Amino acid sequence: MKVEICSVALMCLTLVLALLVPLSEKGPIAGETVAANNEWIHLTPGSTTRRELKAGGKDVFGIDVDAGKLIRFSIDKGDLGLSTVLYGPTGTKLLEHISQDFETVEIFFPADSAGLYRIELQSRENVQLPRPYELTLQPLRSATSQDRKDSEARRAIAAAEVLRANWAEASLRQASEHYDEAASMWTALQDFSSAARATLKSGDVQFLLSNYPKASERYQKAASLAATAGDRVTQATALSQSGRVYCNRGDNVSAEQYIEKALDLLQPHDAGSTAIVRNATGVVLSALGEVIYAKGNLPKASEQFQRALELLDGDRKNQANVHMFIAYIAGANQPEKARSEISQALTLYQATNNKSGEGLALIGLGLYHSSNRKEFPAVTYHRQAIDIFRAVGDRLSHAIALNAVGQVYENLFRYDVALDNYEHALRLFQEIDALDMATMAMLKVGTIHRRRKEFDRAHDYYERCRALSLSAGKLRTEAAAINEIAGLYADQGKFDEAARQYR
């Protein structure tokens with residue numbers, strides 16, 4: 001089972017929203033007052049509340065607020081999938097925010113009317129294991145004009161997060177626009193750290209949509225804004241993501257340089273580092289593993305992924321990415337280990353509502369079945385993945401799935417269908433400038449021409465693959481292309497030339 005993926009641009013089963021966890025089973029915590037009707041929990045400004053939510057579970061909190069005051073609260077939740085809704089005194093929904101990342105959610109909202117405001121937290125998990133969170137309500141103070149502008153930016157972020165959670169191409173494009181809008185507002189307010197984080201998220205959406213020039217532009221801007229703010233974690237994350245863009249575009253030298261800069265910002269890592277810093281370091285190490293994998297040094301890549309996994313405790317989405325690459329490294333030599341790693345990744349992707357990652361795991365399972373010559377289950381997995389990628393607009397992963405479908409039909413000796421899929425994949429890779437993955441598609445197209453005894457066309461694709469692999473520093477793919485050229489000469493009885501290529 002062989003697939004080369006530089007990024008996992010790496011989502012979910014049906015969301016379970018029906019289970020309401022009875023508040024009476026949890027009991028009050030310091031700083032809370034349970035209302036007589038048990039429908040909500042009263043919060044005191046300046047208090048911190050620690051609770052847990054099961055899949056679909058809901059907690060509702062009430063705050064008495066005077067007109068003109070600023071409501072400020074944060075939710076330290078790890079990677080808990082969480083929907084946060086703020087309601088006004090009349091029951092009107094004022095703001096909705098959805099978080100599916102490893103992060104702390106911050107909500108600021110100026111109260112225009114006096115009365116009871118409610119905060120509704122609902123789990124978006126489908127795993128029943130309770131997951132903790134910590135809700136901190138800051139002391140109330142009068143809202144300034146600056147606060148109102150800041151709140152407007154936060155509403156743009158909240159709108160973006162809701163759109164992003166839809167996992168539809170049109171919604172994702174709108175989400176990116178909202179992130180950019182929020183970043184512009186925060187830049188005007190000289191809140192460069194918040195602007196950097198918003199720009200980074202916009203870049204992540206563009207990366208998912210395989211719009212690499214736009215993603216690169218936003219990552220560079222995010223790194224610059226974060227540097228101005230002295231926000232080393234966001235700066236490192238943006239540099240690391242820039243590296244992944246370079247990797248996908250076949251420039252692994254630049255990719256490694258960017259990621260090494262990111263590591264320098266986060267190191268030295270020590271036991272006293274915060275969970276956010278440890279997690280960011282794990283994400284950067286994982287990105288470095290992707291680049292080393294792309295260059296063909298599998299033992300060194302494996303070491304990086306193991307180091308990353310140790311730091312990604314509690315971040316299931318990025319843990320899943322690592323499990324996928326461990327599966328790729330196991331490949332054909334350890335198919336059962338590969339299958340086990342892919343299954344773990346699929347479970348984690350589904351738990352964190354990562355649709356693109358779910359699709360990649362389905363491709364992996366399909367490749368496992370192909371390695372056992374079970375081609376019909378394999379193509380079913382690949383078609384399911386293609387449906388996901390089309391809906392999301394993830395063209396890179398769509399092309400990877402087409403390559404996998406081509407492999408199925410090549411194994412079935414349906415060379416015409418295989419060639420159609422390989423050529424379609426190659427066109428997509430070239431359209432999005434994913435030169436790293438284009439090398440594999442060229443190799444595949446050349447192989448089909450070789451099987452059809454179209455030697456000149458096969459040689460042309462092999463040479464293109466070799467040249468591109470050489471420029472990208474992809475030793476393993478370069479060697480594979482040279483090996484195929486040698487076999488091509490042998491097929492034609494040119495044994496001296498074949499021997500020279502093998503050497």
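Model, not experiment: these values are computed from the prediction.
- Comment: Asp101 engages Lys201 in a salt bridge, judged by a side-chain N to carboxylate O separation of less than 4.0 angstrom.
- Under the rule for a side chain to side chain contact (heavy atoms under 4.5 Å, CB included), the partners of Ala481 that lie at least two apart in sequence or sit in another chain are Leu443, Cys465, Arg466.
- Asp76 is linked by a side chain to side chain contact (heavy atoms under 4.5 Å, CB included) to Thr104, Glu134, counting only residues two or more places apart in sequence or in another chain.
- With sequence neighbours excluded, the residues forming a side-chain hydrogen bond (donor to acceptor under 3.5 Å, both in side chains) with Lys77 are Ser99, listed by chain and number.
- Partners of Glu303 according to the salt bridge (Lys or Arg N to Asp or Glu O under 4.0 Å) rule, which considers only residues two or more places apart in sequence or in another chain, do not exist here.
- Within the structure, the side-chain hydrogen bond (donor to acceptor under 3.5 Å, both in side chains) test picks out no pair touching residues 381-391 (sequence neighbours left out).
- In this structure, Glu310 has no salt bridge (Lys or Arg N to Asp or Glu O under 4.0 Å) partners at least two apart in sequence or on a different chain.
- Residues passing the side chain to side chain contact (heavy atoms under 4.5 Å, CB included) test with Ser302, sequence neighbours excluded: Ile329.
- Not counting sequence neighbours, the partners of Arg131 by the salt bridge (Lys or Arg N to Asp or Glu O under 4.0 Å) test are Asp79.
- Taking Lys93 as the reference, Glu96 meet the salt bridge (Lys or Arg N to Asp or Glu O under 4.0 Å) condition, with sequence neighbours excluded.
- Surrounding CZ of Arg464 are more than 12 heavy atoms belonging to other residues, nucleotides or ligands, all under 6.0 Å away.
- Tyr489 meets the ring pair (Phe, Tyr, Trp, His ring centres under 6.0 Å) test with His459; sequence neighbours excluded.
- Here salt bridge (charged side-chain N to carboxylate O under 4.0 Å, His left out) pairs that include residues 404-429, with residues two or more places apart or in two chains, are Glu410-Arg451, Arg414-Asp416.
- Applying the side chain to side chain contact (heavy atoms under 4.5 Å, CB included) criterion to Ala175, with sequence neighbours excluded, gives Ala160, Leu163, Arg164, Tyr179.
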